[in-house]
Amino acid sequence: MNVARSFSSLLVTGGCGFIGSAFIRGLFSNLAFDGRVVNLDALTYAGNPESLAGAVDPERYVFVHADIRDADAVRAVIERYAVDGIVNFAAESHVDRSIVAPDAFIETNVVGTFKLLELVRENPSLHFHHVSTDEVYGSLGPTGAFREDTAYAPNSPYAASKAASDHLVRAYARTYGLSVTVSHGSNNYGPYQFPEKLIPLMILNLFESEPLPVYGDGSNVRDWLHVEDHAEAIWAIVRSAPAGETYNIGGNAERTNLQVVRSLIQAVVEETGRPASALESLLRFVTDRPGHDKRYAIDASKLQRELGFSPSREFESGLRQTVSWYARHGAWVERVRSGAYRDWIQTNYRDRTPK
Ligand code: NAD
Ligand code: DAU
């Protein structure tokens, strides 16, 4: 039975990252949220408050520079701003980084989620939505799709840390009767994505005539979901899904990595007028990612059936818009690459963390 949750003060963790910032931009635009948004973010390399510049109503928006592992800081935020719901985006999110240095993934994704759950336990009227990933289900063969009841089989330290956090969320809901929902999104793309992930990395390398490093033979398959579709789906779940439910969110756009890179080459040709042959010559097949999952595919029929949600953005046109966005936002790219936005924070955001 669907519910109709409403919130007056929503705590969004990781709201300066790629998906969290899209969610907050949405709350102040098409998602039409009329309450207060408290964005709590540790501002790691992946968090950039400039992704929200001009997109929020300053009367209804608070930024708090804090770590989700800092229970005292988060508790103070919950009390001071009378928080009645939490949407947890805060995470270390890049698989390659987790292979090189897993520690931060355990710290933020596992310990951080645990600390948040303890605070929800202290405030059991809060609703907690946990943003998870399809990677917890592992890797598929040529057919089939992940369902919500697919067994967990995480293959990277990142996926294992997300799986661990999902298990904690489930256990806290069952043991302590907390109100939680969980979503498993597929690969996101769109504006404001840090240029370490496949699509923005390839776009910038194409613009800069740098090599395009395709792992293995490029036949690994991902399902691509526009970040604004993802934000809309999460909002539908947060507002309407029964407590204790989990939902897969997909983009209906399964592509091999090589198909994605070739579509990007085509989009950059259209954007810049450069010859395709020059861009094709940048393709390089490089050493594969260790433990590289072969294929992800999402069965999102539960979300469609129970909440009436399905994504509306088509992949190839979404890619062209994304290429255009990166072409017009060179300054944003330079600043996230250099970390220069940290100076901007000092002048544009006063630290409002309650003492
Ligand atoms: P991101 O790396 O772009 O952003 C993460 C944000 O969390 C940043 O703003 C960072 O500063 C913040 N953060 C990191 N550690 C923190 C901490 N300890 N305390 C407070 N803030 C902290 O990530 P994203 O791509 O926006 O992903 C958001 C969530 O969605 C993650 O939970 C991720 O697992 C999940 N997800 C991502 C995708 C994808 O394709 N990117 C798909 C499905 C699910
Ligand atoms: O499926 C959801 C997940 O999608 C999210 O949980 C993760 O946070 C997000 O990072 C993403 O994980 P992937 O590992 O699938 O995304 P990434 O962009 O790193 O890689 C996509 C595919 O492209 C993957 O098969 C590896 C490949 N790849 C990636 C990079 C960075 C390359 O071939 N070359 C590259 O340089």
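Count residues from 1 along the sequence. Model, not experiment: these values are computed from the prediction. For ligands, and for the atoms within them, numbers begin at 1 and follow the listed sequence. Note that these values count all heavy atoms, side chains included, but never hydrogens, waters or copies made by symmetry.
- For the atom pair CD1 of I298 and CG of N248, the computed distance is 4.5 Å after rounding to the nearest 0.5 Å.
- Atom 23 (O) of ligand 2 has N257 ND2, 3.3 Å as its closest protein atom, hydrogens excluded (heavy atom only).
- Among all non-hydrogen protein atoms, the one lying nearest atom 8 (O) of ligand 2 is S93 O, 2.7 Å.
- Under a 4.0 Å N-O distance rule, the pair E245/R170 does not qualify as a salt bridge.
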Pairs under 3.5 angstrom, nitrogen or oxygen on both sides, ligand 1 versus protein: list them out, please.
unit_1: ligand 1; atom_1: 2 (O); unit_2: S93; atom_2: OG; d: 2.7
unit_1: ligand 1; atom_1: 3 (O); unit_2: F18; atom_2: N; d: 3.0
unit_1: ligand 1; atom_1: 9 (O); unit_2: G17; atom_2: N; d: 2.9
unit_1: ligand 1; atom_1: 9 (O); unit_2: D41; atom_2: OD1; d: 3.3
unit_1: ligand 1; atom_1: 9 (O); unit_2: D41; atom_2: OD2; d: 2.5
unit_1: ligand 1; atom_1: 11 (O); unit_2: D41; atom_2: OD1; d: 2.5
unit_1: ligand 1; atom_1: 11 (O); unit_2: L43; atom_2: N; d: 3.4
unit_1: ligand 1; atom_1: 11 (O); unit_2: T44; atom_2: N; d: 3.0
unit_1: ligand 1; atom_1: 11 (O); unit_2: T44; atom_2: OG1; d: 3.2
unit_1: ligand 1; atom_1: 18 (N); unit_2: D67; atom_2: OD1; d: 2.9
unit_1: ligand 1; atom_1: 18 (N); unit_2: D67; atom_2: OD2; d: 3.4
unit_1: ligand 1; atom_1: 18 (N); unit_2: T108; atom_2: OG1; d: 2.9
unit_1: ligand 1; atom_1: 19 (N); unit_2: I68; atom_2: N; d: 2.9
unit_1: ligand 1; atom_1: 21 (N); unit_2: A42; atom_2: N; d: 3.1
unit_1: ligand 1; atom_1: 23 (O); unit_2: S93; atom_2: OG; d: 3.2
unit_1: ligand 1; atom_1: 26 (O); unit_2: F18; atom_2: N; d: 3.3
unit_1: ligand 1; atom_1: 26 (O); unit_2: I19; atom_2: N; d: 2.8
unit_1: ligand 1; atom_1: 32 (O); unit_2: F89; atom_2: O; d: 3.3
unit_1: ligand 1; atom_1: 32 (O); unit_2: V131; atom_2: O; d: 3.4
unit_1: ligand 1; atom_1: 32 (O); unit_2: K162; atom_2: NZ; d: 2.6
unit_1: ligand 1; atom_1: 34 (O); unit_2: Y158; atom_2: OH; d: 2.6
unit_1: ligand 1; atom_1: 34 (O); unit_2: K162; atom_2: NZ; d: 3.1
unit_1: ligand 1; atom_1: 40 (O); unit_2: N188; atom_2: N; d: 2.9

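- Residue contacts with ligand 2: Y296 is placed with no nitrogen or oxygen under 3.5 Å of a nitrogen or oxygen of the ligand (distance criterion only).
- Of all the atoms in ligand 2, the ones that sit under 4.0 Å from a non-hydrogen atom of H94 are 19 (O).
- For the pair E59 and R36, the salt-bridge criterion is not met [side-chain N within less than 4.0 Å of a carboxylate O].
- Of the N or O atoms in N220, none lie within a sub-3.5 Å distance of an N or O in ligand 2.
- The proximity of V95 to ligand 2, defined as any non-hydrogen pair under 4.0 Å, is limited to the side chain.
- Aromatic ring centres of F89 and F23: separated by under 6.0 Å.
- Atoms of ligand 2 found under 4.0 Å from any heavy atom of L201, numbered from 1 in the order shown, are 36 (O).
- Here the straight-line distance linking atom NE2 of H292 with atom CG of N155 works out to 11.0 Å at 0.5 Å rounding.
- On a distance-only criterion, P213 and ligand 2 share at least one N/O pair closer than 3.5 Å.
- Against a heavy-atom cut-off of under 4.0 Å, T133 is close to the following atoms of ligand 2: 1 (O), 2 (C), 3 (C), 5 (C), 6 (O).
- In this structure, E196 is part of the shell of residues with a heavy atom less than 4.0 angstrom from ligand 2.
- Within ligand 2, the atoms closer than 4.0 Å to a non-hydrogen atom of V214 are 33 (O), numbered from 1 in the order shown.
- Shown here for P200 and Q193, the closest heavy-atom pair between the two residues is CD-OE1, 3.3 Å.
- The shortest N or O to N or O distance between W224 and ligand 2 is not under 3.5 Å.
- Checked for salt-bridge contact, R25 and E228 miss the test: no charged N lies under 4.0 Å from a carboxylate O.
- Using a cutoff of 4.0 Å between basic side-chain nitrogens and carboxylate oxygens, R255 and E316 are scored as salt-bridged.
- Taking a cut-off of under 4.0 Å to the non-hydrogen atoms of D134, the atoms of ligand 2 that pass are 1 (O), 2 (C).
- Atoms of ligand 2 lying under 4.0 Å from any heavy atom of K197, numbered from 1 in the order shown and given with element: 10 (O), 18 (O).
- Between E92 and R97 there is no salt bridge, since none of the side-chain N atoms of the basic residue sits less than 4.0 Å from a carboxylate O of the acidic one.
- Minimum heavy-atom separation, Y215 to V286: CD2-CG2, 3.6 Å.
- The two residues L204 and P195 make their nearest non-hydrogen contact at CD1-CB, 3.4 Å.
- Of all atoms in ligand 2, numbered sequentially from 1 with element shown, those under 4.0 Å from a heavy atom of H292 are 24 (C), 25 (O), 26 (C).
- Taking 4.0 Å as the cut-off between side-chain N and carboxylate O, E135 and R222 do not count as a salt-bridged pair.
- Between K115 and E118 there is no salt bridge, since no side-chain N of the basic residue sits under 4.0 Å from a carboxylate O of the acidic one.
- Contacts between N187 and ligand 2, counted as non-hydrogen atom pairs separated by less than 4.0 Å, involve both the backbone and the side chain.
- Between M202 and P213, the shortest heavy-atom contact is CE-O, 3.3 Å.
- Remark: ligand 2 and R222 share an N or O pair separated by less than 3.5 Å (distance only, no angle test).
- For ligand 2, none of its N or O atoms has an N or O atom of D96 under 3.5 Å away.
- For S186, no nitrogen or oxygen atom sits less than 3.5 Å from a nitrogen or oxygen atom of ligand 2, counting backbone and side chain alike.
- Nearest protein heavy-atom contact of atom 14 (O) of ligand 2 is R289 NH1, 2.6 Å.
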